[in-house]
Amino acid sequence: MTLLEANQIGWGASGRTGGQVIPGLKYDPDELETVLGADLGPRVIAATGSVGDEVFGLIARHGIDCDPVHRGWLQPAFSARTLALALQRCEQWARRGAPVRAIDRAEMADLIGSDHYLGGWEDRRAGNLQPLSYVRGLATAAKRAGADIYVRSPAISVRRNNNRWTLTTPNGVVTADVVLIGTNGYTDGLWPGLARTVVPMMSFQAATPPLPAELGANILREGHSVSDTRRLLWYYRRDAQGRLVMGGRAPFREDPGPADVVHLRSAVDRLYPQLASVPFEYYWAGRVAMTKDSLPHLNELAPGLWAGLGFNGRGVGMATLFGRLLAELALGARPADIPFPVTAMRPIPGYPFTRIVARALVRYYRVRDSFEAA
Ligand SMILES: Cc1cc2nc3c(=O)[nH]c(=O)nc-3n(C[C@H](O)[C@H](O)[C@H](O)COP(=O)(O)OP(=O)(O)OC[C@H]3O[C@@H](n4cnc5c(N)ncnc54)[C@H](O)[C@@H]3O)c2cc1C
């Protein structure tokens with residue numbers, strides 16, 4: 001196997017994420033079953049619900065040193081409307097036997113260390129990790145298994161010659177029976193139209209220094225990661241050094257400056273007033289890839305050429321799952337045996353307009369969230 005990476009291992013979103021491993025998709029299980037039908041629906045729900053086992057299983061199997069924490073995820077509600085939706089989501093997973101439970105306002109305040117929320121639910125299948133160490137660990141495991149990895153090697157073209165694929169890079173050529181494309185929010189013009197199937201949006205992160213016990217002891221004391229129910233969600237966790245790592249969405253800007261994390265500062269101030277005098281030590285951003293149907297896409301682009309992308313901000317678990325599904329397709333599995341729809345690529349009609357609307361929506365959602373906050 002040969003891996004071509006345009007930059008460095010983990011340079012894309014995977015090295016920059018909030019590191020939250022969250023089971024499930026944007027659709028709740030009942031809705032997914034209605035959309036995908038009685039055969040495929042339950043298989044997709046089972047596969048996407050078990051991404052925690054997938055990720056933490058790989059970490060254990062390959063001994064990846066990435067601070068894994070498998071102690072669950074909280075989705076706290078910031079408004080009465082979204083509390084009802086969160087509890088409904090919890091009930092649907094509980095009916096399918098998942099280790100989830102509703103959490104009332106007092107217990108949520110205790111687990112998060114903030115009384116900002118009205119309650120919500122907990123999913124014990126979830127967890128978090130140090131994302132760049134995870135990606136590097138996966139690359140090391142792949143190398144150990146015999147993969148050749150080339151960094152600073154963008155694939156510039158992919159063409160079919162004599163029933164094989166030929167990929168060119170600035171420094172050489174690779175031929176292959178099967179090609180898998182996993183470029184998500186950084187998809188370029190390698191395969192015509194593919195970049196128009198996803199809308200790249202920016203997600204931002206900022207981290208405090210390690211918190212002293214007198215400030216941090218009550219913050220996420222059981223090791224949960226959190227993504228709340230805002231349209232532009234606040235997502236956060238503690239890292240292995242005791243930092244608070246805070247994340248959120250903001251208008252598109254490739255290289256963020258301090259002004260771009262003001263919204264993260266106000267989130268921290270609102271949740272944890274005791275951290276008012278603790279500045280952010282680091283901030284960064286990267287691209288997530290949104291899709292029109294809010295589902296990731298497993299596309300068959302041509303015989304022996306597949307792409308997996310559009311993780312809608314849930315790629316730590318979902319891209320790991322898709323990695324396995326793409327490998328099974330490469331090894332000859334029939335699309336019908338894959339627990340996810342394998343579809344043709346569908347570029348979004350009126351794409352430039354969609355991108356403009358998506359970016360405007362970020363501002364609009366911020367206003368809606370601030371009016372709706374309890
Ligand atoms: C700030 C931030 C926080 C996030 N937090 C979370 C979270 O907590 N939980 C979660 O589940 N998800 C989160 N996400 C989303 C998640 O990170 C992504 O869904 C996931 O990393 C996508 O992985 P990927 O391997 O498909 O793409 P990426 O990790 O983005 O990698 C794509 C790679 O493709 C390379 N590339 C592009 N074109 C070419 C080419 N022609 N040839 C060779 N290489 C090419 C790029 O250099 C890049 O390295 C977050 C994203 C961001 C940006």
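Start at 1 and go down the list; that is how both ligands and their atoms are numbered.
- Side-chain contact annotation: S227 with Q20, donor-acceptor N/O pair under 3.5 Å present.
- Contacts with ligand 1 closer than 4.0 Å are made by no heavy atom of M318, backbone or side chain.
- Side-chain contact between L25 and V44 is present, with at least one heavy-atom pair separated by less than 4.5 Å.
- Taking distance alone, with nitrogen or oxygen atoms compared against 3.5 Å, I22 stays at or beyond that limit from ligand 1.
- Ligand 1 has at least one atom lying under 4.0 Å from a heavy atom of L4.
- Look at P154 and you'll find a heavy atom under 4.0 Å from some atom of ligand 1.
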*Step by step, work out the side-chain contact (heavy atoms from CB on, under 4.5 Å) result for T175 and L167.*
CA-CA 6 Å; T175 57; L167 293 109; over 6 Å; no
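- For R16, every heavy-atom contact with ligand 1 shorter than 4.0 Å involves the backbone, none the side chain.
- Atom numbering of ligand 1 starts at 1 in the shown order; those under 4.0 Å from a heavy atom of R314 are 10 (C), 11 (O), 12 (N).
- For ligand 1, none of its N or O atoms has an N or O atom of T17 under 3.5 Å away.
- Among G315, S14, G12, the residue whose heavy atom sits closest to atom 29 (O) of ligand 1 is S14.
- Both tests do not hold together for R105 against Y117: distance to the six-membered ring centre under 6.0 Å, angle to the ring axis within 45°.
- For G247, the heavy-atom gap to ligand 1 stays at 4.0 angstrom or more.
- Residue L190 has no nitrogen or oxygen atom sitting less than 3.5 Å from a nitrogen or oxygen atom of ligand 1, judged on distance alone.
- Under a 4.0 Å heavy-atom criterion, D188 is in contact with ligand 1.
- Inclusion of N7 in the set of residues having an N or O under 3.5 Å from an N or O of ligand 1 is warranted.
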*ring pair (Phe, Tyr, Trp, His ring centres under 6.0 Å) between W191 and W306: does it pass, once the steps are laid out?*
CA-CA 11 Å; W191 187 257; W306 282 280; over 10 Å; no
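- Atoms of ligand 1 lying under 4.0 Å from at least one heavy atom of G286, given by number and element, are 53 (C).
- With rounding to the nearest 0.5 Å, the separation of CG in N299 from CG in L194 is 6.5 Å.
- Under 4.0 Å from ligand 1, heavy atoms of Y186 appear from its side chain as well as its backbone.
- Summary of contacts: the protein heavy atom closest to atom 27 (O) of ligand 1 is N184 CB, 3.4 Å.
- Of all atoms in ligand 1, numbered sequentially from 1 with element shown, those under 4.0 Å from a heavy atom of V288 are 15 (C), 50 (C), 51 (C), 52 (C).
- Within ligand 1, the atoms closer than 4.0 Å to a non-hydrogen atom of A6 are 43 (C), 44 (N), 45 (C), 47 (O), numbered from 1 in the order shown.
- Summarising the contacts of atom 26 (O) of ligand 1 with F311, F204, F322, the nearest heavy atom is found in F311.
- Under the 6.0 Å distance and 45° angle rule, R230 counts as a cation-pi partner of W234.
- For A285, no nitrogen or oxygen atom sits less than 3.5 Å from a nitrogen or oxygen atom of ligand 1, counting backbone and side chain alike.
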*Test V288 against N312 for side-chain contact (heavy atoms from CB on, under 4.5 Å), laying out the working first.*
CA-CA 6 Å; V288 295; N312 291 274; over 6 Å; no
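- Contact atoms of ligand 1 toward Y235: 1 (C), 2 (C), 3 (C), 4 (C), 5 (N) (distance under 4.0 Å to a heavy atom of the residue).
- Considering backbone and side-chain N/O atoms, G18 comes within less than 3.5 Å of an N/O atom of ligand 1.
- Residues Y134 and T320 bring a donor and an acceptor atom of their side chains to less than 3.5 Å of each other.
- Close contacts between ligand 1 and V316 involve ligand atoms 9 (N), 10 (C), 11 (O), 12 (N) [criterion: under 4.0 Å to a heavy atom].
- Residue G182 places a heavy atom under 4.0 Å from ligand 1.
- Within a 6.0 Å sphere centred on CG of N163, other residues, nucleotides and ligands contribute 12 heavy atoms or fewer.
- Atom 1 (C) of ligand 1 has its nearest heavy-atom neighbour, among G189, A155, S203, A319, in S203.
- The atoms of ligand 1 that sit less than 4.0 Å from any heavy atom of Q205 are 1 (C).
- Within 6.0 Å of CG in D65 there are 12 or fewer heavy atoms belonging to other residues, nucleotides or ligands.
- Residue-environment remark: CZ (R152) stays at or below the threshold of 12 foreign heavy atoms within 6.0 Å.
- Remark: the backbone N or O of G308 is not paired with any side-chain donor or acceptor of H297 at under 3.5 angstrom.
- In this structure, R101 forms no cation-pi arrangement with W93, as its terminal cationic atom is not both closer than 6.0 Å to the ring centre and no more than 45° off the ring axis.
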